[in-house]
Trainee: 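After the structure tokens below, expect a handful of questions from me.
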There are 2 protein chains.
Amino acid sequence: MSLATEALFRALADPTRLRCLLLLHAEGELCVCELTHALGESQPKISRHLAQLREAGIVSDRRQGLWVYYCLHPQLPTWAQEVLRVTAAGVTGDLPYAADAQALHDMPNRPGAVCCA
Amino acid sequence: MSLATEALFRALADPTRLRCLLLLHAEGELCVCELTHALGESQPKISRHLAQLREAGIVSDRRQGLWVYYCLHPQLPTWAQEVLRVTAAGVTGDLPYAADAQALHDMPNRPGAVCCA
DNA sequence: CGTGAATATACGCCTGGCCATATATTCGAG
DNA sequence: CTCGAATATATGGCCAGGCGTATATTCACG
């Protein structure tokens with residue numbers, strides 16, 4: 001994976017994408033409906049941002065029946081993983097990070113996510 | 001320093017600002033003309049981006065005679081410093097990071113930068 | 001003061017990127 | 001084959017933000 005430095009930061013610059021990535025970093029693998037519910041955003045919005053992340057090589061997707069599961073790209077460069085780790089550890093109150101995770105876990109009828117293959 | 005997570009990444013999303021920050025991270029303190037020369041960009045362009053970084057609380061400036069020196073803000077949160085450190089260590093070839101540093105050191109008549117007070 | 005060097009700001013233009021809405025695709029169930 | 005659920009894409013509008021150029025500010029020096 002080469003992943004341009006600038007490309008990662010452009011991806012992280014949008015709050016919706018950043019929240020998705022932090023959730024994926026913490027949870028491993030999530031499908032679109034879970035992310036939609038956790039962030040409380042519209043489905044097309046989430047889908048569009050996930051497509052951007054996919055095209056940038058930051059996440060990878062896996063279709064399973066009706067659901068599409070996303071996870072951080074397995075070959076994501078170490079430095080990029082480090083950026084996410086450090087960010088997750090240091091988020092201030094400006095991002096609803098904790099609330100997103102809470103909403104995710106409170107979601108009824110979650111499709112059974114396992115782990116990113 | 002509170003520095004919103006999103007604000008930092010928006011700052012890093014522009015290549016000019018990212019290059020400035022990486023140079024400041026490596027060199028400690030630099031004046032506008034040094035950055036202008038190192039990046040090979042126009043003076044107003046550098047100045048405008050530095051102003052944004054200053055307003056975001058990411059860098060701080062110090063006037064000394066005719067020159068204005070910039071450095072990473074002394075109270076920059078730890079996690080933000082970590083992001084810069086990790087990034088500097090992991091830059092791929094897409095950013096002229098090494099070339100910028102080279103151009104800086106090759107610059108004639110550099111004002112004597114010391115260290116960020 | 002007046003002049004020139006270093007830096008900052010103002011202005012107008014224009015592209016990129018975000019959004020909401022609507023529509024297309026894909027797939028399992030029956 | 002049809003239908004509905006989950007997801008993806010297309011379209012058009014809109015605004016943030018980047019750029020170059022021109023101009024303003026600030027300061028050392030004589």
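No hydrogens, no waters, no symmetry mates; every other heavy atom, side chains included, goes into these values. Each chain gets a letter, A, B and so on, in the order its sequence line appears, and its residues count up from 1. Just so we're clear, the structure is a prediction, and the values are computed from it rather than from any experiment.
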Trainee: Not counting sequence neighbours, which residues clear salt bridge (Lys or Arg N to Asp or Glu O under 4.0 Å) with R85(B)? List them please.
Mentor: E82(B)

Trainee: I need the CD-P distance between Q52(B) and dA8(C), as an integer number of Å.
Mentor: 13 Å

Trainee: Listed by chain and number, what are the side chain to side chain contact (heavy atoms under 4.5 Å, CB included) partners of A80(B), not counting sequence neighbours?
Mentor: L3(B), L8(B), L76(B), P77(B)

Trainee: In whole angstrom, give the distance that lies between atom CD of E55(A) and atom P of dA8(D).
Mentor: 11 Å

Trainee: Filter on salt bridge (charged side-chain N to carboxylate O under 4.0 Å, His left out), then keep only pairs touching residues 92-108 of chain A, sequence neighbours left out; what's left?
Mentor: R19(A)-D100(A)

Trainee: Which pairs, with at least one residue in residues 65-78 of chain B and sequence neighbours excluded, count as a salt bridge (charged side-chain N to carboxylate O under 4.0 Å, His left out)?
Mentor: none

Trainee: Can you list the residues that meet the side chain to side chain contact (heavy atoms under 4.5 Å, CB included) rule with A88(A), with sequence neighbours excluded?
Mentor: L22(A), H25(A), Y97(A)

Trainee: For R62(A) and dT7(D), what is the distance between atoms CZ and P respectively, to the nearest whole Å?
Mentor: 12 Å

Trainee: How long is the line joining CZ of R110(B) and C1' of dA6(C), in whole Å?
Mentor: 17 Å

Trainee: Within this structure, what is the CG-to-C1' distance between D61(B) and dT7(C), rounded to whole angstrom?
Mentor: 11 Å

Trainee: According to the salt bridge (charged side-chain N to carboxylate O under 4.0 Å, His left out) rule, which pairs have a member within residues 42-53 of chain A, sequence neighbours left out?
Mentor: E41(A)-K45(A)

Trainee: Apply side chain to side chain contact (heavy atoms under 4.5 Å, CB included) to residues I58(B) and H73(B) and explain how you reach the verdict.
Mentor: CA-CA 5 Å; I58(B) 300 175; H73(B) 195 291; 5.9 Å; no

Trainee: Taking only residues two or more places apart in sequence or in another chain, which ones pass salt bridge (Lys or Arg N to Asp or Glu O under 4.0 Å) with R17(A)?
Mentor: none

Trainee: Nearest nucleotide by nearest heavy atom, which residue falls closer to the 5' end of DNA chain C, W67(B) or T16(A)?
Mentor: W67(B)

Trainee: Can you give one letter per nucleotide of nucleotides 24-30 of chain D, going 5' to 3': B for a protein heavy atom under 4.0 Å from the base, S for sugar-phosphate only, - for none?
Mentor: --SBS--

Trainee: R54(B): which residues meet the side chain to side chain contact (heavy atoms under 4.5 Å, CB included) condition with it, sequence neighbours left out?
Mentor: A51(B), V59(B), D61(B), Y70(B)

Trainee: Short of 4.0 Å, heavy atom to strand atom, which residues of residues 40-51 of chain B count as contacting DNA chain D?
Mentor: P44(B), K45(B), R48(B), H49(B)

Trainee: With sequence neighbours left out, what residues match E55(A) under side-chain hydrogen bond (donor to acceptor under 3.5 Å, both in side chains)?
Mentor: none

Trainee: What is the separation between atom CG on L30(B) and atom C1' on dA6(C), rounded to the nearest whole Å?
Mentor: 15 Å

Trainee: I'd like a table of atom pairs between the protein and nucleotides 13-15 of chain C - only N or O on both sides, under 3.5 Å - with the distance next to each one.
Mentor:
none

Trainee: Which listed nucleotide (dC18(C), dA8(D), dA8(C)) is nearest to the side chain of R17(A)?
Mentor: dC18(C)

Trainee: What I'd like to find out is whether the side chain of Q52(B) reaches to under 4.5 Å of the side chain of R10(B), using heavy atoms alone.
Mentor: no

Trainee: Just the rounded figure in Å: distance from C1' of dA8(C) to OH of Y69(B).
Mentor: 17 Å

